[in-house]
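Here the structure comes first, spelled out in structure tokens, and everything after it is commentary.
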Amino acid sequence: MSADLPLEEPPGRLSEPAGPRDPDVYNRTYRRWDAYFAIVFAATFLFVLSGSDLGTGPRAVAAAVFAATAPWYVLVGRPVLLTEDEDSPRAVVYLVGLFLLFVVPSALVGETRIAIFALTPQCFMLLRMRRALIAVTVINIAPVVVWALVERPDSGDLFSNSLFAAVSWAFSLLVGSWIIMILQQSAERARLIAELDASREEVARLSAAHGALAERDRLTREIHDTLAQGFTSLLMLVQALESELDHDMPLARRHLGLMARTARENLAEARALVAGAGPADLAGSSLPDALRRLAARHGEQTGSPARVEVAGAVRPLPAAVEVVALRGCQEALANVRRHAGPGAAVAIALGYGEDALRLRVGDTGRGFDPGAPHEGYGLAGLRARAAEVGGTAEVTGAPGEGTAVALELPVRPPVPSPHPSRPTGRNPSRPTVRTRSAR
């Protein structure tokens, strides 16, 4: 028997793997067993016909009876092997019929016992271990017992046939146990593969759901920090415009210009959001310049001063850090416009440290108690943004004493120049400090 044949499990015994597969894959795999059984049956049939010790009569009967094993296997055995479970009634009927078609010719012609090498694997495939061991024992011993009762052989022939039966029985048990072990391992592998496929599908589903949730959260923050704030500014300008149309046309025209500019900026932010690009204020600009523009717009919309101070060596930082700082400043200024009250001054401090970027936006407005329950998404979204880059966001304040929003975002320290002695046009030992007010 080929050494690699037991590695293949009958099609009906494997768990179906998840995902698409060839529906005929198990039938094609089982053809190796078909070939093996065909070779053993054909060899046995030829051995039965080739001998001459008992004459043509017994051999002809043995060959005729044994020849019926071929259609019995094709019409009954193979479907049972492909579809039935262990110890099923059809499996037992097939094995009983196969045993009868084997034991009769084996009692007439000893060479028929070669077919044991085809019968034994089928017993282990169709029966559970205990019943398979009993069936294999009967298949190996019964032919010798029947032969001895019919032929009445002498002690020498009886001993040699009994020895052959014992050896074939031991070999059948050894090989059959190995086949069962391989089949069990194959079934376990199939089960594990099916579980792995199911786990992969679940992981893919959860990953997709998590990705969709993360994207939804990102879009929520972006819309809140850009479009929603822009629309809020437009509404404030519309309300101011309604009270100015009748008695202050120059101021009304000024507010109309602010509305048009705010709408254009909102449109630019919407396009950047759709394109997946960074904030429009940071496009081709540094973070301090973007904060100054925010402060200038705040002053134009509210009439209250907004001062920007920048400390430390200004340098390009990772885009994620600059986006969080810009969005944090936007959120803080939007809260000032909504809650601080008229005339509240704003101070924006941006500090470039060796290992962190620090931003503080403070106002002199009404203030509030940060520990009290409050509605809204802005501050929670600000803390979530800061946490995404490993930073922190703190809000401090008290009623009547203003409010301050502080961000601390970690950054890598600046890389020293490989040519420190090369002149740079300024004193490298002093950090660049710029202060500017935007009104």
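Just so we're clear, the structure is a prediction, and the values are computed from it rather than from any experiment.
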Check the orientation of Tyr94 and Tyr73. Use parallel for under 30°, tilted for 30 to 60°, and perpendicular for over 60°.
tilted
Leu133 side chain near Leu127 side chain, heavy-atom distance below 4.5 Å:
no
Report the residues that fulfil side-chain contact (heavy atoms from CB on, under 4.5 Å) with Leu163, sequence neighbours left out, ordered by chain and then residue number.
Phe159, Val167
Please list, chain by chain and in numerical order, all residues satisfying salt bridge (Lys or Arg N to Asp or Glu O under 4.0 Å) with Arg128, sequence neighbours excluded.
Glu86, Asp87
Near-ring test Phe45/Phe66, centroid separation under 6.0 angstrom
no
In chain order, what residues pass the side chain to side chain donor-acceptor pair (under 3.5 Å) check against Thr69, with sequence neighbours excluded?
none
Excluding sequence neighbours, so at least two apart, what forms salt bridge (Lys or Arg N to Asp or Glu O under 4.0 Å) with Glu408?
Arg358
Can you find a side-chain donor-acceptor pair between Ser285 and Arg293 that sits under 3.5 Å?
yes
Looking at residues at least two apart in the chain, or sitting in another chain, which of them share a salt bridge (Lys or Arg N to Asp or Glu O under 4.0 Å) with Arg205?
Glu202
Please tell me if the side chains of Leu49 and Arg59 come closer than 4.5 Å, counting only heavy atoms from C-beta onward.
no
Hey, mind stepping through Arg113 and Thr44 against side chain to side chain contact (heavy atoms under 4.5 Å, CB included) and telling me if it holds?
CA-CA 8 Å; Arg113 296 168 204 164; Thr44 303; over 6 Å; no
Just do the salt bridge (Lys or Arg N to Asp or Glu O under 4.0 Å) check on Glu195 and Arg191 with the steps written out, would you?
CA-CA 6 Å; Glu195 291 181 357; Arg191 185 185 64 80; 2.4 Å; yes
Sequence neighbours excluded, which residues qualify as salt bridge (Lys or Arg N to Asp or Glu O under 4.0 Å) partners of Glu401?
none
Phe99 vs Val104 side-chain heavy atoms within contact, under 4.5 Å
no
Point-to-point distance, once rounded to the nearest 0.5 Å, from CG of Leu409 to CD of Glu388
11.5 Å
Is the closest side-chain heavy-atom distance between Val405 and Arg360 below 4.5 Å?
no
Mind checking the CG-CE spacing from Leu95 to Met125? Nearest 0.5 Å is all I need.
11.5 Å
